[in-house]
Asker: 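One structure, as structure tokens, below. Some questions next.
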Amino acid sequence: MKSEPDVFGIDDLRNAPDKTEHWDGVRNYQARNMMRDDMKVGDKVLFYHSNCKEPGIAGLAKVVREGYPDHTSWDPESKYYDPKSTPDNPRWFMVDIKFVRKFKRVITLVELKAHPLLEAMPLLRRGNRLSIMPVTQDQWNIVVGLT
DNA sequence: GCCAACGTTGGC
DNA sequence: GCCAACGTTGGC
């Protein structure tokens, strides 16, 4: 899962109440579908820092609540407001994730790209801007092994 | 339903 | 700040 550290980084997750936060504001159908349909409690998360000085994986989190409607989508005050989404017919979904640990150092995008066995990671595929992407267990093991 | 225009993402 | 890549919008 990608996040901009200037907006909400791994430290913000660690400092959140119960080290848990809801992943609101996702307004992309593919990412929504993954949160709504695929992600389960206990699923492990690589927490990626994007759009920053040192893009890369900063730590680990886990899913603690499965997909449920993103209430910011029907809040006119929210910058994520979508008039087509209502409590009765929600268009956007989110999950809750909880901090697991922060890596001692960021596993940089450069480093990930250089690893031959990570070539197939959606994160590293050219032009992929999805904020949520699947990771295989093998890929997970390699990434965690780089710390 | 096509597709040009536009907005956003995000690395560099 | 540039710009490639991609998703969305909306006219037709």
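Lettering follows sequence order; numbering is per chain, from 1.
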Asker: Round to the nearest Å and state the distance from A:Y80 atom OH to B:dT8 atom C1'.
Answerer: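 It works out to 13 Å between those atoms.
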Asker: Please report the distance, rounded to the nearest Å, between CZ in A:R32 and C1' in C:dG7.
Answerer: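 The distance from CZ of A:R32 to C1' of C:dG7 comes to 14 Å, rounded to the nearest Å.
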Asker: Any side-chain N or O of A:K113 less than 4.0 Å from the OP1 or OP2 oxygen of B:dC12?
Answerer: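 For B:dC12, OP1/OP2 do have a side-chain N/O of A:K113 under 4.0 Å.
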Asker: Please check if A:Y81 and A:W23 belong to a single hydrophobic cluster, counting links between Ile, Leu, Val, Met, Phe, Trp and Tyr side chain heavy atoms closer than 4.5 Å.
Answerer: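 Cluster IDs for A:Y81 and A:W23 differ.
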Asker: Expressed as a whole number of angstroms, how long is the span from A:N51:CG to C:dG1:C1'?
Answerer: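 It works out to 12 Å between those atoms.
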Asker: Taking CG from A:L124 and P from B:dC12, how many angstroms apart are they, rounded to a whole number?
Answerer: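 From A:L124 CG to B:dC12 P: 11 Å.
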Asker: Please work out which of the three classes, parallel, tilted or perpendicular, describes the rings of A:F47 and A:F8, given edges at 30° and 60°.
Answerer: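 The arrangement is tilted - the two ring planes meet at 30° to 60°.
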Asker: Closer than 4.0 Å, any side-chain N/O of A:Y29 to the OP1 or OP2 of C:dC6?
Answerer: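 No, because none of the side-chain N or O atoms of A:Y29 sits under 4.0 Å from OP1 or OP2 of C:dC6.
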Asker: If you check every side-chain atom of A:K2, which of B:dC12, B:dG10, C:dG7 has the closest atom?
Answerer: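 Closest nucleotide to the A:K2 side chain: B:dG10.
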Asker: Rounded to the nearest angstrom, tell me the gap between atom CG in A:N28 and atom C1' in B:dT9.
Answerer: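 Atom CG in A:N28 sits about 11 Å away from atom C1' in B:dT9.
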Asker: Can you confirm whether the side chains of A:Y68 and A:D96 place a donor and an acceptor under 3.5 Å from each other?
Answerer: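 There is such a pair between these side chains.
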Asker: For A:K53, answer base if it contacts any base atom (sugar-phosphate contacts may also be present), sugar-phosphate if it contacts only those atoms, and nothing otherwise; contact means non-hydrogen atoms under 4.0 Å.
Answerer: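 No contact.
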Asker: Nearest-Å distance, CD1 (A:I132) to P (B:dG10)?
Answerer: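 That distance rounds to 11 Å.
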Asker: For A:M1 and B:dT9, give me the distance from atom CE to atom P, rounded to whole Å.
Answerer: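 My rounded result for the distance is 16 Å.
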Asker: Less than 4.0 angstrom between a side-chain N/O of A:R126 and OP1 or OP2 of C:dA5, yes or no?
Answerer: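 For C:dA5, OP1 or OP2 has a side-chain N or O of A:R126 closer than 4.0 Å.
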Asker: Just by distance, do the side chain of A:S3 and the backbone of A:P5 share a donor-acceptor pair under 3.5 Å?
Answerer: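 Judged by distance alone, no pair lies under 3.5 Å.
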Asker: Would you mind reading off the distance between A:L130 atom CG and B:dG11 atom P, rounded to a whole angstrom?
Answerer: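 Distance, rounded to whole Å: 13 Å.
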